[in-house]
Amino acid sequence: MADIPIRIGIIGCADIARKVSRAIQLAPNATLSAVASRSIDKAANFAKANGFPPEAKIYGSYESLLDDPDIDAVYLPLPTSLHHKWAVLTAQKKKHLLMEKPLALNVAQFDEILKACEENGVQIMDGTMWVHHPRTYKMKEFLNDKERFGLLKSVNSCFTFFADPDFLKNDIRVKPDLDALGALGDAGWYGIRSVLWAADYEMPKTVTAMQGPVLNEAGVILACGASLYWEDGKVATFHCSFLSNLTMNLTAIGTFGTLHLTDFIIPYQEHEASYTTSSKPQFNELVTGWVPIPSEHTVTVNLPQEACMVREFASLVENIKKNGAQPDKKWPTISRKTQLVLDAVKASIEKGFEAVEIVS
């Protein structure tokens with residue numbers, strides 16, 4: 001008898017939910033079972049526009065979906081200010097939780113969400129898609145190669161996009177009552193995660209925000225950056241912005257090698273993704289070129305990264321349902337570390353760009 005796919009319901013019809021709806025349908029071990037909005041018409045239109053199966057249920061309230069005994073897990077793409085309330089309720093209803101980032105407005109909120117998940121035996125994972133791409137695992141192999149890469153010394157990460165006037169006026173990511181973390185919570189989450197990923201999730205000792213962050217009239221961050229410092233001398237920087245051209249650069253430099261890519265969050269193409277590595281290069285005799293030149297590596301995939309994420313999430317949920325396993329701690333631990341650094345950047349800005357020590 002084939003395994004029954006994990007039945008996922010979606011709470012909220014955010015734009016990102018279109019992409020994740022498709023991912024749930026592409027994942028071999030998950031199925032779209034329901035969608036809920038505060039308007040049943042909006043939910044019905046969302047289901048129709050995104051190819052939901054005919055048996056999927058349509059709900060006109062979030063509570064109705066959470067009360068459905070046939071839903072195993074919930075994808076939650078609501079504004080960050082609503083995450084705490086609905087994530088805790090979802091956990092209390094024994095539904096596993098795939099959440100959009102940032103998971104909370106601060107780590108104290110996140111810890112309350114995590115406590116509810118632990119008390120109710122449910123899995124939680126954040127919606128950072130790129131870490132599930134097969135390219136990411138291949139790149140990590142290079143970073144772990146002591147001969148070709150050596151020891152990590154520095155990381156630089158940048159995620160920016162140029163938002164139009166309508167976005168800067170009306171998008172939830174610039175509203176203090178909906179997504180008060182602005183570009184730091186949205187784009188900065190990726191930069192922080194990429195830095196931590198390169199450092200094997202070893203936490204930095206201090207975080208210092210860069211001077212000159214851009215805030216809108218409501219005080220929401222539109223652009224900012226920070227530097228991170230580790231006790232062993234590693235350093236990193238990240239920059240995030242709603243005000244600059246679309247850029248997704250990540251560079252990790254070791255004692256012997258360098259990893260570089262320019263599309264780390266969303267690959268240029270869905271079914272293949274590339275990165276470059278350089279190991280122990282030198283100049284040629286006349287110093288007119290490099291020997292050897294960096295090499296490009298391409299990884300082809302059968303599933304897009306968001307479907308790989310759903311597959312991983314559903315696999316963890318299935319292990320809990322079928323085998324009585326405990327919820328996996330890897331992903332919430334990584335989420336919490338990301339949130340801690342995010343909190344430190346915000347605190348550093350508020351303290352006049354002082355160095356903020358990370359306290360786990």
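FYI, the numbering just counts along the sequence from 1.
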Sub-4.5 Å side-chain heavy-atom contact between [X] and [Y]:
X: E312; Y: W331; value: yes
X: N29; Y: I6; value: no
X: D200; Y: N144; value: yes
X: V310; Y: I8; value: yes
X: M129; Y: V20; value: yes
X: L250; Y: M248; value: no
X: E147; Y: F256; value: no
X: E318; Y: D72; value: no

Counting only N and O atoms by type, is there a donor-acceptor contact under 3.5 Å from the side chain of [X] to the main-chain atoms of [Y]?
X: H84; Y: I113; value: no
X: Q25; Y: N50; value: yes
X: D179; Y: G182; value: no
X: T136; Y: H132; value: no
X: N216; Y: V174; value: yes
X: N319; Y: S315; value: no
X: H260; Y: T276; value: no
X: N284; Y: T288; value: yes

Closest non-hydrogen atom pair, [X] against [Y]:
X: L243; Y: A223; answer: CD1-CB, 4.4 Å
X: A43; Y: C13; answer: CA-SG, 4.2 Å
X: P332; Y: Q123; answer: CD-NE2, 4.1 Å
X: G121; Y: I320; answer: O-CG2, 4.1 Å
X: H297; Y: S295; answer: NE2-OG, 3.0 Å
X: Y59; Y: D68; answer: OH-OD2, 2.7 Å

What's the spacing between [X] [atom1] and [Y] [atom2] if we round to 0.5 Å?
X: K138; Y: L259; atom1: NZ; atom2: CG; answer: 13.0 Å
X: T237; Y: N156; atom1: OG1; atom2: CG; answer: 3.5 Å
X: S335; Y: L114; atom1: OG; atom2: CG; answer: 9.0 Å
X: L105; Y: L82; atom1: CG; atom2: CG; answer: 9.5 Å

Taking only residues two or more places apart in sequence or in another chain, which ones pass side chain to side chain contact (heavy atoms under 4.5 Å, CB included) with [X]?
X: D177; result: K175
X: L151; result: K146, T255
X: P165; result: none

Under-4.0 Å salt bridge between K330 and D328: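 So K330 does not pair with D328 through a salt bridge.
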D70/K57 salt bridge by N-O under 4.0 Å criterion: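 Yes.
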Partner residues of Y75 under the ring-ring contact (aromatic ring centres under 6.0 Å, His included) criterion, sequence neighbours left out: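 For Y75 there are no ring-ring contact (aromatic ring centres under 6.0 Å, His included) partners, ignoring immediate neighbours.
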side-chain hydrogen bond (donor to acceptor under 3.5 Å, both in side chains) partners of K329, counting only residues at least two apart: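 Applying side-chain hydrogen bond (donor to acceptor under 3.5 Å, both in side chains) to K329 gives none.
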Residues that K85 engages under side-chain hydrogen bond (donor to acceptor under 3.5 Å, both in side chains), provided they are two or more places apart: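 So K85 forms no side-chain hydrogen bond (donor to acceptor under 3.5 Å, both in side chains) with any residue.
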Looking at [options], which hits side chain to side chain donor-acceptor pair (under 3.5 Å) with [X]?
X: K115; options: E112, E119, E118; result: E119
X: N120; options: Q92, K94, K95; result: K94
X: D126; options: R336, Q339, K101, R193; result: R193

Aromatic ring pairing Y62/W86, orientation class (parallel under 30°, perpendicular over 60°, tilted between):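 Rings of Y62 and W86: perpendicular, over 60°.
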Scan [range] for pairs that pass ring pair (Phe, Tyr, Trp, His ring centres under 6.0 Å), counting only residues two or more places apart or in two chains.
range: residues 30-52; value: F46-F52
range: residues 12-32; value: none
range: residues 161-197; value: W130-W197, F159-F161, F159-Y190, F161-F167, F161-F242, F167-F242
range: residues 93-124; value: none

Co-members of V235 in a cluster of I, L, V, M, F, W and Y side chains, linked at under 4.5 Å: Y229
Please tabulate, one pair per line, all N/O donor-acceptor pairs under 3.5 Å involving side-chain atoms of residues 343-351, not counting sequence neighbours.
from, atom 1, to, atom 2, distance (Å)
D343, OD2, V107, N, 2.8
K346, NZ, E350, OE2, 2.8
S348, OG, A209, N, 2.8
S348, OG, E354, O, 2.6

